[in-house]
Amino acid sequence: MAETQQETVFKSVLELANNNEVPEKYIYAQGSINTSPPLLAVPQVDLSLLTSPDRQQELNKLQSGLKSCGCIQVINHGIEDSFLDKVREISKQFFALPTEEKLKYARTVNQIEGYGNDKVLTDNQRLDWSDRLYLNVFPEDIRKLQFWPQKPECFREVFEKYIKDMKLLSESLLKAMAASLNVEENCFLDQCGERGNMIARFNFYPPCPRPDVVLGVKQHADSSAITILLQDKEVEGLQVLKDDQWFRVPVVPYGLLINVGDQVEIMSNGIFKSPVHRVLTNAERERNTLAIFIMQDVAVGIGPVEKLINEERPRAYKDIKNYVELLFQSYQQGKRPIEAAKISQELH
């Protein structure tokens, strides 16, 4: 019990920001960060047209974006602008609560679920300039409601509705992604399984005195099938690596940014790309985002869809039983887990 108590009395990044402190462990090791690279041309896909005669044109845009940069912006997704503003508001209100109130939902020493920031795994680890609230949401029996804030009072009601919307949206997207490749529309969805996981991560990036050397989130690729990001309506911060160059991801205030995760890169036999990305900090302004990760059911293996394997595109990935386990093994070795899933690994 003492260990748990000790862990919950961590110093939030917000406290560091308020004291104008930047401890050395937050300073990015590889020199100055390019804070203003070119803007990425992210295709906008109008989901309302997927049931219209213009369906094929939207599917082509979806396929093109997920092949070239691994992400698309979806618009006309059926979720009201005013409701997205409510979702943003509960996030802002939670992170603005007094520290002692937020600590009621603090994660414990060996877990990531709850309120907190980076787990320190090694002495020389670089930490992210962000505070987070991390919640498991589907299947419902994995929820730990002790981590779901009771303040602001409307938090649970708004969040419940949002995650239901996200479940429906993720199913539509996975079907559209399959349809864009002319394969059976449930083939990606089926690989996620009946008990596919959904995880929500509320991200709060306080202003940072040194945006030239500190990252909000260090570079990584998502281990999910897909990730659905509700961006800050006004403050940019996300960057994507494409052709070995960083690009800024534009803000579409009421759009949702969808990016491919490693699991769908594997399922699509490498046609769709899981992009490496990072988050910058801002000297003047805070930034709030909400990421929803759609993950496979760990009891269901994933692998490339058979129809996407041929002579021109031979099988590029092994079948993987538990991708999240692979993620942790690879993290310890400083590798991207998708590298361990590639067939070429077996040839060396």
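Residues: numbered from 1 along the sequence shown.
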> Do the side chains of Q239 and P37 get nearer than 4.5 Å, heavy atoms only?
Replying inline: yes

>> Can you confirm whether I226 sits close enough to S170 that some side-chain heavy atom of one is under 4.5 Å from a side-chain heavy atom of the other?
In response: yes

>> So that I can tick it off, tell me whether E101 and K104 are bridged by a salt bridge, with the cut-off set at under 4.0 angstrom between side-chain N and carboxylate O.
In response: yes

> Counting only N and O atoms by type, is there a donor-acceptor contact under 3.5 Å from the side chain of D297 to the main-chain atoms of A299?
Replying inline: yes

> Where do Y205 and N282 land on the side chain to side chain donor-acceptor pair (under 3.5 Å) test, with the steps shown first?
Replying inline: CA-CA 8 Å; Y205 305 98; N282 188 296; over 6 Å; no

> Given S12 and E15, is the side chain to side chain donor-acceptor pair (under 3.5 Å) satisfied, shown in steps?
Replying inline: CA-CA 5 Å; S12 71; E15 288 171 86; 3.1 Å; yes

>> I need the minimum non-hydrogen distance between T281 and P211, along with the two atoms involved.
In response: OG1-CA, 3.2 Å

> From D212 CG over to I27 CD1, what is the distance, rounded to the nearest 0.5 angstrom?
Replying inline: 9.0 Å

> Which residues satisfy the side-chain contact (heavy atoms from CB on, under 4.5 Å) test with E236, sequence neighbours excluded?
Replying inline: L39, R248, V251

>> Quick check: is I294 connected to L135 through a chain of hydrophobic side chains (ILVMFWY, heavy atoms under 4.5 Å apart)?
In response: yes

>> Would you say Q57 and K61 are linked by a side-chain donor-acceptor pair, where the criterion is simply a distance under 3.5 Å?
In response: no

>> Hydrophobic clusters here meaning ILVMFWY residues chained together by side-chain heavy-atom distances under 4.5 Å, can you tell me if L14 and I90 are in one?
In response: yes

> Within 45° of the six-membered ring axis of F138 and under 6.0 Å from that ring's centre, is NZ or CZ of R143 located there?
Replying inline: yes

> Which atoms form the tightest heavy-atom contact between Y317 and N269, and what is the distance?
Replying inline: CE1-C, 3.8 Å

> Are E89 and K92 within salt-bridge range, i.e. N to O under 4.0 Å?
Replying inline: no

>> Please evaluate residues Q44 and V252 with respect to the criterion side-chain contact (heavy atoms from CB on, under 4.5 Å), reporting the C-alpha separation (whole Å), side-chain torsions for both, the decisive distance (0.1 Å), and the verdict.
In response: CA-CA 9 Å; Q44 285 194 21; V252 176; 3.6 Å; yes

> Applying the 4.5 Å side-chain criterion to the ILVMFWY set and letting contacts propagate, would L50 and V42 be lumped into a single cluster?
Replying inline: no

> Which atoms form the tightest heavy-atom contact between Q191 and G301, and what is the distance?
Replying inline: OE1-O, 3.9 Å

> Do T289 and N203 pass the side chain to side chain donor-acceptor pair (under 3.5 Å) test, and can you show the C-alpha distance, the side-chain angles, and the key distance before you say yes or no?
Replying inline: CA-CA 5 Å; T289 67; N203 303 300; 3.0 Å; yes

> Do L47 and I75 have side chains that get closer than 4.5 Å, going by heavy atoms?
Replying inline: no

> Which heavy atom in C69 sits nearest to a heavy atom in P275, and how many Å separate them?
Replying inline: O-CB, 3.4 Å

>> Out of the candidates V87, D85, D81, only one should pair with F83 under the side chain to side chain contact (heavy atoms under 4.5 Å, CB included) rule; please name it.
In response: V87

> Mind checking whether Y28 and R210 have side chains closer than 4.5 Å, heavy atoms only?
Replying inline: no

> Does E265 reach the side chain of I338, with side-chain heavy atoms less than 4.5 Å apart?
Replying inline: yes

> Is it true that a side-chain atom of R156 and a backbone atom of L145 form a donor plus acceptor pair closer than 3.5 Å?
Replying inline: yes

> Considering all heavy atoms of both residues, which atom of R336 and which atom of S274 are nearest to each other, and what is their separation?
Replying inline: NH2-O, 3.5 Å

> Mind checking whether V235 and L238 sit in one hydrophobic cluster, side chains of I, L, V, M, F, W, Y counted as touching below 4.5 Å?
Replying inline: no

> For E80, does the CD atom sit with more than 12 other heavy atoms under 6.0 Å from it, leaving out its own atoms?
Replying inline: no

> If you group Ile, Leu, Val, Met, Phe, Trp and Tyr by side-chain heavy-atom gaps below 4.5 Å, do L40 and V217 land in one group?
Replying inline: yes

> Can you pull the ring-ring contact (aromatic ring centres under 6.0 Å, His included) pairs that have at least one residue in residues 252-289, sequence neighbours excluded?
Replying inline: H220-H277

> So, W148 versus F155, ring centres under 6.0 angstrom or not?
Replying inline: no

> Short question: side chain of K242, backbone of F247 - any donor-acceptor pair under 3.5 Å?
Replying inline: no

>> side chain to side chain donor-acceptor pair (under 3.5 Å), that's the test. Do Q56 and D54 meet it? Break it down for me.
In response: CA-CA 6 Å; Q56 196 54 50; D54 295 323; over 6 Å; no

>> Is it the case that atom CD in E157 sees more than 12 heavy atoms from other parts of the structure closer than 6.0 Å?
In response: no

> So which pairs with a foot in residues 167-196 pass salt bridge (charged side-chain N to carboxylate O under 4.0 Å, His left out), sequence neighbours left out?
Replying inline: D141-R195, K167-E171

> Any Lys/Arg nitrogen of D118 or R126 sitting under 4.0 Å from an Asp/Glu carboxylate oxygen of the other?
Replying inline: no

> When you measure from the side chain of K342 to the backbone N and O of A316, does any donor-acceptor pair fall under 3.5 Å?
Replying inline: no

> Under the side-chain contact (heavy atoms from CB on, under 4.5 Å) criterion, do M177 and S268 qualify, and how do the steps go?
Replying inline: CA-CA 9 Å; M177 288 159 68; S268 70; over 6 Å; no

>> What's the separation between atom CD in Q231 and atom CZ in R88, rounded to the nearest 0.5 Å?
In response: 8.5 Å

> Does some side-chain heavy atom of V13 sit less than 4.5 Å from a side-chain heavy atom of S130?
Replying inline: no

>> Please find the pair of heavy atoms, one from G216 and one from D128, that lie closest to each other, and give the distance.
In response: O-CB, 3.0 Å

> Do L215 and L280 come close enough that some side-chain heavy atom pair is under 4.5 Å?
Replying inline: yes

> Relative to W246, does R278 satisfy both conditions: NZ or CZ under 6.0 angstrom from the six-membered ring centre, and within 45 degrees of the ring's axis?
Replying inline: yes

>> For the CG atom of L290 and the CG atom of D232, what is their distance to the nearest 0.5 Å?
In response: 12.0 Å

> How about F204 and Y115: are their ring centroids closer than 6.0 Å?
Replying inline: no

>> Does either side chain, that of D46 or that of S48, offer a donor lying less than 3.5 Å from an acceptor on the other one?
In response: yes

> Are the side chain of Q263 and the backbone N or O of S223 linked by a donor-acceptor pair below 3.5 Å?
Replying inline: yes

> Hey, what do you get for CE (M166) to NE2 (H77), rounding to the nearest 0.5 Å?
Replying inline: 7.5 Å

>> Counting C-beta onward and ignoring hydrogens, is there a side-chain heavy-atom pair between N197 and Q296 closer than 4.5 Å?
In response: no

> Does any donor atom in the side chain of D222 or N259 lie under 3.5 Å from an acceptor atom in the other side chain?
Replying inline: yes

> When rounded to the nearest 0.5 angstrom, what is the spacing between CD1 in I199 and CD1 in I142?
Replying inline: 6.5 Å

> Passes side-chain contact (heavy atoms from CB on, under 4.5 Å), V260 versus K273? Steps please.
Replying inline: CA-CA 6 Å; V260 173; K273 299 289 184 282; over 6 Å; no

> F293 and Y134: aromatic ring centres closer than 6.0 Å?
Replying inline: no

>> Given the ring of F94, does K151 sit roughly above its face, with NZ or CZ under 6.0 Å from the centre of the six-membered ring and within 45° of the axis?
In response: no

> Rounded to the nearest 0.5 Å, how far apart are CG of D319 and CD1 of I266?
Replying inline: 9.5 Å

> What's the verdict on side-chain contact (heavy atoms from CB on, under 4.5 Å) for V22 and V214, showing C-alpha distance, side-chain angles and the deciding distance?
Replying inline: CA-CA 8 Å; V22 183; V214 175; 3.6 Å; yes

